[in-house]
Amino acid sequence: MTIKRWAEDLAKIVNPGNIKINESLKTYTMTKLGGNADIFVLPETEEEATAVVKYAYQHEVPLLMLGNGSNMVVRDGGVRGIVISFTKLDEIRLDGEKIYAQSGALIKEVSRTAAANSLTGFEFACGIPGSVGGAMAMNAGAYGGEIKDIIVDCTVLTKEGERIVLSKEELELDYRKSIIAKKEYFVLSSNFLLKKGNQQEIDEKVADLTYKRESKQPLEYPSAGSVFKRPPGYFAGKLIQDSGLQGKGVGGAEVSTKHAGFIINKGQATATDYIQTIEMVQRTVKENFDIELELEVKIVGEDLTN
Ligand SMILES: Cc1cc2nc3c(=O)[nH]c(=O)nc-3n(C[C@H](O)[C@H](O)[C@H](O)COP(=O)(O)OP(=O)(O)OC[C@H]3O[C@@H](n4cnc5c(N)ncnc54)[C@H](O)[C@@H]3O)c2cc1C
């Protein structure tokens, strides 16, 4: 009854075609796991996004932000309340050495726009499969570059639906951390600043990083990328590899034989398989090296109840 009521209310805010009830989140997450969202909503404008956030706050409906689902594991029981996605807010605009991108644009598209316009600084993100919003929340980075290096400012909504602009310093970007994740802000858009570069060097860098990624990561399987953060002074993948865990797992989930930091879904994994594999890895690495592997991926939702 409550879900129907929320859906009716939301239909006054967004196009009813963009509201889905009891929607499977498997399609929207790169692990291809997990249960359903009570309500899944896709605003098409920033005004609609603001109105949905305000509605959830005022009616005390749990609201979960889903980006491109590349760092998210949804439990098998799914997510109660509203799951919101900004994938329809995907404008990318170039202005000299600046790029404005909305939250739902893919970070690799922004990287491609920079490269295509001879701008350097964004090459590191050419293979990161997240959205701008997710990349901001996680301070995404790869091969020595990170969002922190190129960000100017970011416009967010607070939980109450107030729109604020955060400067680079106010974003508190650190290794896979930001004020956005801490305060549960909703990213609307970001401004990035790059430099004019040499087209050939940019193209070579992108080709090199693409080759490295494709040869070292199990991109042929669903996964959430690197499951664990890098523990200070170590590499999570190396600790897992040295623990002999590659190829091991629970049910349809397995520690990748190609990259030990990745846990793949071989096709039929449940979220429970995936999470139990994560826990098995954490337990074994703790026993072997006395190191706690902290999660980089976000695990959300509820377990199945019988
Ligand atoms: C094959 C593969 C390779 C990867 N390689 C890298 C890599 O090299 N470097 C790297 O850093 N990451 C990597 N990742 C992880 C992932 O792509 C990044 O963390 C990315 O930034 C997540 O973005 P997303 O839009 O998919 O976020 P999601 O997975 O949807 O969400 C992640 C978190 O961000 C929050 N979030 C999402 N959108 C918003 C928003 N608009 N406002 C506020 N919060 C938001 C979510 O609530 C959640 O807490 C990889 C993942 C895969 C599957």
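Positions are given from 1, in the same order as the sequence printed here. Counting starts at 1 for both ligands and their atoms, in listed order. All values reported here derive from a predicted model rather than from experimental measurement.
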Show the atoms of ligand 1 that are less than 4.0 angstrom away from any heavy atom in [X].
X      : answer
Lys298 : 48 (C), 49 (O)
Ala142 : 8 (O)
Gly225 : 2 (C), 50 (C), 51 (C), 52 (C), 53 (C)
Ser103 : 41 (N)

Item to check | Pairs satisfying side-chain hydrogen bond (donor to acceptor under 3.5 Å, both in side chains), at least one member in residues 63-75, at least two apart | outcome: none

Next on the checklist: Quick test of your reading of the model: are Glu48 and Lys88 salt-bridged, counting only N-O distances below 4.0 Å?
Outcome noted: no

Checklist entry - Less than 4.0 Å between a side-chain N and a carboxylate O, is that true for Lys195 and Glu97? => result no

Next on the checklist: Ignoring hydrogens, what is the shortest heavy-atom contact between Asn36 and Ser24? Give both atom names and the distance.
Outcome noted: OD1-CA, 3.1 Å

Measuring from non-hydrogen atoms of [X] to any atom of ligand 1, is the shortest distance under 4.0 Å?
X      : result
Ala181 : no
Arg176 : yes
Glu146 : no

Item to check | Non-neighbouring partners of Ala181 that pass side chain to side chain contact (heavy atoms under 4.5 Å, CB included), sequence neighbours left out | outcome: Ser178

